[in-house]
Amino acid sequence: MSDTLVNPLDAGAATADSAEDSAKWRQIVEGARTVFLARGFDAASMGDIAKAAGVSKGTLYVYFKDKEELFSAIVQSECCTHAESAFGLDDNDHDVETALNRVGAEFVNYLCNSGKAASLRIVIAIADRMPEIGRTFYETGPAFGIKRLANYLRAQVAAGTLAIDDCEIAASQFLDACQSTLFKPVLFNFAPPPPIERIRYVVGIAVRTFLAAYRKP
């Protein structure tokens, strides 16, 4: 998998016949997102989506053959937008503590405060029947973030800043530690999204633990 993700909305804009087509694509996706989050995947219909997007069903089918393709585009768009911003790491930045604190806080804040939990619930609910959507979500979201962070860690190992045997596992464990006690309560509607101060506190512990294990003396 490449280190660069292609946002399907940008791809749609690049291949559309006009700026109007690009705007219509985005209009449909935004309307569909609203319907999916409000009703879930199974209860949402293409008619509902067309109405929410302010387009005819005929126009809707010009852009998407079915709601599976439409939902997949939404999943990719959300994951790409976040992954490219949160995991924009500079291999030449050797201030690992600052970099990890930023990445961890942005990652968890996005998970907990952007409606991401609602989207993830939908993906989980349909992944058995439509594994390609679960695969798309994982490849463009979690797997991409882990890969980006692992590549940054490898650069720090090469620079002599860190000592890590398996950077992919280290990256995955760090991201899991950052969301510890924070995301699952939101995912299961047990608690509201945590304030940013709490996120930074938990991420700070994860960073200190990570550096205690891997920082080169």
*Asks:* Which atom names give the shortest non-hydrogen contact between Val157 and Cys167, and what distance separates them?
*Replies:* CG2-SG, 4.1 Å
*Asks:* In Å and rounded to the nearest 0.5 Å, what is the CD to CD1 distance from Gln156 to Ile164?
*Replies:*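 Spacing of CD (Gln156) from CD1 (Ile164) equals 9.0 Å.
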*Asks:* How close do His94 and Ala159 get, counting heavy atoms only, and between which atoms?
*Replies:* CE1-CB, 3.5 Å
*Asks:* Closer than 4.0 angstrom, basic N to acidic O: yes or no for Asp42 and Arg129?
*Replies:*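 Between Arg129 and Asp42 there is a salt bridge, with a charged N closer than 4.0 Å to a carboxylate O.
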*Asks:* Taking side chain as C-beta onward, heavy atoms only, is Thr98 less than 4.5 Å from Arg102?
*Replies:* no
*Asks:* Same cluster or not: are Ile169 and Leu162 linked, directly or through other Ile, Leu, Val, Met, Phe, Trp or Tyr residues, by side-chain heavy atoms under 4.5 angstrom apart?
*Replies:*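 No, Ile169 and Leu162 fall in different hydrophobic clusters.
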*Asks:* Would Arg135 and Glu139 pass as an ion pair if we require N to O under 4.0 Å?
*Replies:* no
*Asks:* Please tell me if the side chains of Phe64 and Val29 come closer than 4.5 Å, counting only heavy atoms from C-beta onward.
*Replies:* yes
*Asks:* Rounded to the nearest 0.5 Å, what separation is found between the CD1 atom of Ile49 and the CD1 atom of Ile28?
*Replies:*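 So the CD1 of Ile49 and the CD1 of Ile28 are separated by 10.0 Å.
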*Asks:* Check this for me: Asp128, atom CG, are more than 12 non-hydrogen atoms of other residues, nucleotides or ligands nearer than 6.0 Å?
*Replies:* no
*Asks:* For residues 158-209, pull every pair meeting ring-ring contact (aromatic ring centres under 6.0 Å, His included), keeping only residues two or more places apart or in separate chains.
*Replies:*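 Listed by first then second residue: Phe174-Phe210.
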*Asks:* Above 12 or not: heavy atoms from other molecules or residues under 6.0 Å from CZ of Arg154?
*Replies:*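 Check passes, neighbour count above 12.
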*Asks:* Could you check if a side-chain atom of Arg200 sits within less than 4.5 angstrom of a side-chain atom of Asn101, using non-hydrogen atoms only?
*Replies:* no
*Asks:* Write down the atom of Leu175, the atom of Phe107, and the distance for their closest heavy-atom approach.
*Replies:* O-CE2, 3.6 Å
*Asks:* Rounded to the nearest 0.5 Å, what separates atom CG in Asn109 from atom CD1 in Ile196?
*Replies:* 4.0 Å
*Asks:* Report the C-alpha distance between Val202 and Val108 in whole Å, list the side-chain angles of each, state the deciding distance to 0.1 Å, and finish with yes or no for side chain to side chain contact (heavy atoms under 4.5 Å, CB included).
*Replies:* CA-CA 10 Å; Val202 173; Val108 177; over 6 Å; no
*Asks:* For the residue pair Arg198 and Pro195, establish whether any side-chain heavy-atom pair is separated by less than 4.5 Å.
*Replies:* yes
*Asks:* Do you know which two heavy atoms are closest between Arg121 and Leu187, and how far apart they sit?
*Replies:*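 The answer is NE-O, 2.6 Å.
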*Asks:* Check the pair Ile122 / Leu37 against side chain to side chain contact (heavy atoms under 4.5 Å, CB included), numbers first and verdict last.
*Replies:* CA-CA 8 Å; Ile122 296 174; Leu37 290 180; 4.3 Å; yes
*Asks:* Would Val186 end up clustered with Tyr110 when hydrophobic side chains under 4.5 Å apart are linked, directly or stepwise?
*Replies:*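 Unlinked, Val186 and Tyr110 end up in two clusters.
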*Asks:* Mind checking the CZ-OG1 spacing from Phe36 to Thr34? Nearest 0.5 Å is all I need.
*Replies:*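 OG1 of Thr34 is found 11.0 Å from CZ of Phe36.
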*Asks:* Taking the side chain as every heavy atom from C-beta outward, state whether Gln173 and Asp176 have any pair of such atoms under 4.5 Å apart.
*Replies:* no
*Asks:* Show your reasoning for whether side chain to side chain contact (heavy atoms under 4.5 Å, CB included) applies to Glu68 and Ile126.
*Replies:* CA-CA 10 Å; Glu68 287 84 357; Ile126 64 176; over 6 Å; no
*Asks:* Show, in sequence, the C-alpha distance, side-chain angles and deciding distance for Val123 and Tyr138, and conclude whether the side chain to side chain contact (heavy atoms under 4.5 Å, CB included) test is met.
*Replies:* CA-CA 10 Å; Val123 172; Tyr138 188 78; over 6 Å; no
*Asks:* With rounding to the nearest 0.5 Å, note down the distance linking CD1 in Ile133 to CD1 in Ile124.
*Replies:* 13.5 Å
*Asks:* Between Lys67 and Ala44, which heavy-atom pair has the shortest distance, and what is it?
*Replies:*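 Shortest heavy-atom separation between Lys67 and Ala44 comes out as NZ-O, 2.7 Å.
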*Asks:* For residues Glu97 and Leu211, determine if any side-chain heavy atom of one lies less than 4.5 Å from a side-chain heavy atom of the other.
*Replies:* yes
*Asks:* Just wondering, do Phe71 and Met130 contact through their side chains at under 4.5 Å, heavy atoms?
*Replies:* no
*Asks:* Can you tell me how far apart CG (Leu153) and CD1 (Ile146) are? Round to the nearest 0.5 Å.
*Replies:* 11.5 Å
*Asks:* Looking at Glu30 and Arg33, does any basic side-chain N land under 4.0 Å from a carboxylate oxygen?
*Replies:* yes
*Asks:* Which pair of non-hydrogen atoms, one from Asp48 and one from Val35, has the smallest distance, and what is that distance?
*Replies:*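 Closest approach of Asp48 to Val35: O-CG2, 3.8 Å.
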*Asks:* Taking the side chain as C-beta and beyond, is there a heavy-atom pair between Leu89 and Val103 under 4.5 Å?
*Replies:* yes
*Asks:* For Glu168, look at atom CD and say whether over 12 heavy atoms of other residues, nucleotides or ligands are found less than 6.0 Å away.
*Replies:*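 At most 12 heavy atoms, drawn from other residues, nucleotides or ligands, come within 6.0 Å of this atom.
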